[in-house]
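As structure tokens, the structure follows; a few thoughts come after it.
Below, chains carry the letters A, B, ... as their sequence lines are ordered, and counting in each starts from 1.
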Amino acid sequence: MSGENKAGDDKTHTDPAGKEKASSNFIKHIIEADLKTDKYGGRVVTRFPPEPNGYLHIGHAKSICLNFGIANQYQGTCHLRFDDTNPLKESIEYVDAIKEDVRWLGFDWTKHLYYTSDYFDRLYEYAVELIKRGKAYVDSLTPEEIRAFRGTLNEPGKESPYRNRTVEENLALFEKMAKGELEDGSCVLRAKIDMASSNIVMRDPTLYRIRRQDHHRTGNKWCIYPMYDYAHCLSDSLEKITHSICTLEFVNNRELYDWILDALEVYHPQQIEFARLNLSYTILSKRRLIQLVEEKHVSGWDDPRMPTLSGLRRRGYTAAAIRKFCDMIGVARRDSMVDISLLEHCLREELNVSAPRVMGVLHPLKIVIENYPEDQSEMVEAINNPEDESMGTREIPFSRVIYIERDDFMENPPKKFYRLGLGREVRLRYAYFITCHDVIKDESGEIIELRCTYDPETRGGNTPPDGRKVKATLHWVSKSHAINAEVRLYDHLFSVENPMQSSDFTEHLNPDSLVALCNCKLEPGLKNAMSGVHYQFERLGYFFPDPMDSSPGNPVFNRVATLRDTWAKIKKKM
RNA sequence: UGAGGGUUGGUCUAGCGGCAAGACGGCGGGUUCUGGCCCCGUUAACCCAGGUUCGAAUCCUGGACCCUCAGCCA
């Protein structure tokens, strides 16, 4: 192996996401223009700034892929910065989960891990400077009064009676705030801008509030904590970010972002906004996701139905599929609703070429092959992945009594049903052609067993000498060799495209979002299904051993996504 | 109704004064030991009205509709 190749392999290993070519978008146009004019001396520095108050979801993945992707593409850097300015809601648990998720997604912040709380001292000094410049003041209005004084969308606000305190007075008061000599809520530090501004964000926004609350990183050092608008722009500035990319709801805040940096005459990154992701049949609001967890509608943040990265990961989504998805949906400024089937498409596209094929019967229907010797069994050879010959073959046991999928037999089949019926012949994949002769039912009329014969000349599933064709090939599993396993079928968490449209989104929770099947019959090799390996159950879909509930020798499978199902579509139209 | 942002096939995205492109989906067909994959074909869009221009999705004017903002959240 040449040195060059080796270096390439290393990079791929540590940064799988860096290798993928990404499509262009309006933000990259801006960056390229800035590079051309040398606006930032050729630097490209972005950042992903999560607040550690919840788990990351696929909407965050869009932002992560964008920010880290840009850094990769332009030989820049991307910082991971925890925006931890509200100790009431934040915790170390979330910090750790977020780091794990970003890493899993395939991105590496290298040494660029930061916390807004690391800047609390400097942010405090900046605030003092703002006061000295006459651009900030301590307001002693109550929260209710501040709200009342702010005015409305149509009416200007009123200035606070405390607005014109002297610099000395403000300095003294602010110091008292910081030292904890004043009650929570008794006063705040506000920027002195314009109470009549048509942009409400600019009506003397709050910069600091008093909160006697231990912080997960700074402990009890601070009694005051900076607000987002104040801390964020200055953190960007301190880190010499070039392009501060955020979502559209911050467009109105950009004026304040710029004002603070200008007021302090410090390094000034540019904020660029893009539309956040909306996904059909799910919700991506952190607040609502918390609600689902707290109200126990799901088993936790990593419930496989959750759109969180931890949920998707546990379900069996791959990082590469999510990255591919983020690239495909693009980046723009218009609100949109991406169809969740696109995410499933990205998953299938990847797993089709990489997942080993395997046979498993989810709803078993017993078949006795009457002309097959009772005490006999044999091994048949199966291809592990028709898309990748290097994945080789395996042997599967076949015997007189087998299971097929209940759906694969119909007593009175409609015209377009190709599968097994009375008197019909089908192929058992890699095994034999069988013909059904009898249907056995219980007292209630339910089919409990099929009686079939097989054609020894079709061994391996091959066409017999007479050239006879069959219309269907079914998956199957030998009864005496099969293992029992639990398989969990997941569907969309919500039954409507946009659950947020309704006043109470929980009323649209899909009651069938999880169907656990306990009596599934899988080919014996799956007993030791490896965790972390994705399988394609032939004709059914992609399945992944649940990392939490599987144990050695007892895998529990999650269905990540079904295969495209043309038959289901035909059936629907009938 | 103040300010700001937005509007291109069913969905997402491109276009930057000169043939409206791609992906996903849909439909039809081919292939097939997965009704999968793959292949081929096809469907389908510039919010509206004026204006500028030889020529407008693109520039201008007016309108409609959607989204965001009145936390001591981010």
*Any side-chain heavy-atom pair from Ile402(A) and Ile404(A) closer than 4.5 angstrom?*
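Yes, their side chains come closer than 4.5 Å.
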If you look at every strand shown and take non-hydrogen atoms under 4.0 Å, does [X] touch a base, only sugar-phosphate, or nothing?
X: Lys573(A); answer: sugar-phosphate
X: Pro386(A); answer: base
X: Val331(A); answer: sugar-phosphate
X: Tyr208(A); answer: nothing
X: Ser197(A); answer: nothing
X: Lys569(A); answer: sugar-phosphate
X: Leu141(A); answer: base
X: Ile570(A); answer: base
X: Phe82(A); answer: nothing
X: His29(A); answer: base
X: Val188(A); answer: base
X: Asn462(A); answer: base

*Which of these, Asp204(A), Asp194(A), Asp139(A), sits in a salt bridge (Lys or Arg N to Asp or Glu O under 4.0 Å) with Arg163(A)?*
Asp204(A)
Rounded [atom1] spacing from [N] to [M] in Å:
N: rC65(B); M: rA70(B); atom1: P; value: 23 Å
N: rA14(B); M: rG22(B); atom1: C1'; value: 7 Å
N: rA23(B); M: rG15(B); atom1: C1'; value: 16 Å

Distance in angstrom units between [X] [atom1] and [N] [atom2], rounded:
X: Gln291(A); N: rC73(B); atom1: CD; atom2: P; answer: 20 Å
X: Asp327(A); N: rA14(B); atom1: CG; atom2: P; answer: 12 Å
X: Tyr418(A); N: rU34(B); atom1: OH; atom2: P; answer: 13 Å
X: Glu144(A); N: rG71(B); atom1: CD; atom2: C1'; answer: 12 Å
X: Tyr281(A); N: rG25(B); atom1: OH; atom2: P; answer: 15 Å
X: Leu540(A); N: rC37(B); atom1: CG; atom2: P; answer: 14 Å
X: Tyr230(A); N: rA74(B); atom1: OH; atom2: P; answer: 14 Å
X: Ile146(A); N: rC72(B); atom1: CD1; atom2: P; answer: 6 Å

List every contact pair, protein side and nucleotides 6-12 of chain B side both N or O, where the distance is under 3.5 Å.
unit_1  : atom_1 : unit_2    : atom_2 : d
rG6(B)  : OP1    : Arg333(A) : NE     : 3.2
rU8(B)  : O4     : Arg334(A) : NH2    : 3.2
rU11(B) : O3'    : Met337(A) : O      : 3.2
rU11(B) : O2'    : Met337(A) : O      : 3.3
rC12(B) : OP1    : Met337(A) : N      : 3.0
rC12(B) : O2'    : Ile329(A) : O      : 2.6

*Would you call the rings of Tyr225(A) and His215(A) parallel, tilted or perpendicular if under 30° counts as parallel and over 60° as perpendicular?*
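It falls in the parallel class, under 30°.
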_Below 30° counts as parallel, above 60° as perpendicular, anything between as tilted: where do the rings of Trp476(A) and Phe398(A) land?_
perpendicular
_Face-to-face contact Trp567(A) to rG35(B) six-ring, under 5.5 Å, under 30°_ =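 So Trp567(A) counts as stacking on the base.
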*Sub-6.0 Å ring centroid separation between His534(A) and Phe544(A)*: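 Ring-ring flag for His534(A)/Phe544(A): true, centres closer than 6.0 Å.
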Strictly below 4.0 Å: does [X] bring a side-chain N or O up to OP1 or OP2 of [N]?
X: Arg564(A); N: rU34(B); value: no
X: Arg539(A); N: rG35(B); value: yes
X: Arg209(A); N: rA74(B); value: yes

*asked:* Assuming nearest nucleotide by heavy-atom distance, tell me which of Glu255(A) and Asn385(A) is located more 5' along RNA chain B.
replied: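 Final value for this comparison: Glu255(A).
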_Can you work out whether Arg254(A) or Ala568(A) has the more 5'-proximal nearest nucleotide on RNA chain B?_
Arg254(A)
Got a list of protein N/O to nucleotides 42-47 of chain B N/O distances below 3.5 Å?
none

*Taking O4'-C1'-N9-C4 for purines and O4'-C1'-N1-C2 for pyrimidines, is rG4(B) syn (within 90° of 0) or anti?*
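What rG4(B) shows is an anti base, its glycosidic angle lying more than 90° from 0.
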Any N/O pairs under 3.5 Å between the protein and nucleotides 68-70 of chain B? List them or say none.
unit_1  : atom_1 : unit_2    : atom_2 : d
rU68(B) : O2     : Asn252(A) : ND2    : 3.1
rC69(B) : O4'    : Asn252(A) : ND2    : 3.4
rA70(B) : O2'    : Arg150(A) : NE     : 3.3

*Intermediate values then yes/no, salt bridge (charged side-chain N to carboxylate O under 4.0 Å, His left out), Glu249(A) and Arg276(A)*: CA-CA 9 Å; Glu249(A) 64 267 29; Arg276(A) 67 189 311 158; 2.8 Å; yes
*First locate atom CG of Leu256(A), then atom CD of Gln271(A), and finally report the distance between them rounded to the nearest 0.5 Å.*
9.5 Å
Less than 3.5 Å apart, which donor and acceptor atoms pair up between the side chains of residues 345-363 of chain A and the rest of the protein, not counting sequence neighbours?
unit_1    : atom_1 : unit_2    : atom_2 : d
Arg348(A) : NE     : Thr562(A) : O      : 2.6
Arg348(A) : NH2    : Thr562(A) : O      : 3.2
Glu350(A) : OE1    : Thr318(A) : OG1    : 2.2
Glu350(A) : OE1    : Ala321(A) : N      : 3.3
Ser354(A) : OG     : Glu350(A) : O      : 3.2
Arg357(A) : NE     : Ala355(A) : O      : 3.2
Arg357(A) : NH2    : Asn352(A) : O      : 2.3
Arg357(A) : NH2    : Ala355(A) : O      : 3.4
Arg357(A) : NH2    : Asn385(A) : OD1    : 3.3

_With sequence neighbours excluded, residues passing ring pair (Phe, Tyr, Trp, His ring centres under 6.0 Å) with Tyr228(A)_ =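 Here the qualifying residues are His232(A), Phe250(A).
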*So what stems show up for RNA chain B if we need 3 or more Watson-Crick or G-U pairs in a row, all under 3.5 Å?*
B:2-7 with B:64-69, B:10-13 with B:21-24, B:25-30 with B:38-43, B:47-51 with B:59-63
*Looking only at non-hydrogen atoms, find the nearest pair between Ser63(A) and Phe48(A) and report the distance.*
OG-CD1, 3.6 Å
*Are Arg217(A) and Tyr115(A) in a cation-pi contact, defined as NZ or CZ under 6.0 Å from the six-membered ring centre and within 45° of the axis?*
yes
_Distance-only donor-acceptor test (3.5 Å): side chain Glu387(A), base rG36(B)_ =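 Present.
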_Apply salt bridge (charged side-chain N to carboxylate O under 4.0 Å, His left out) to residues Glu32(A) and Lys36(A) and explain how you reach the verdict._
CA-CA 6 Å; Glu32(A) 278 157 25; Lys36(A) 201 165 279 175; over 6 Å; no
*asked:* His79(A) vs Thr46(A), test: side-chain contact (heavy atoms from CB on, under 4.5 Å). Steps then yes/no.
replied: CA-CA 6 Å; His79(A) 301 179; Thr46(A) 57; over 6 Å; no
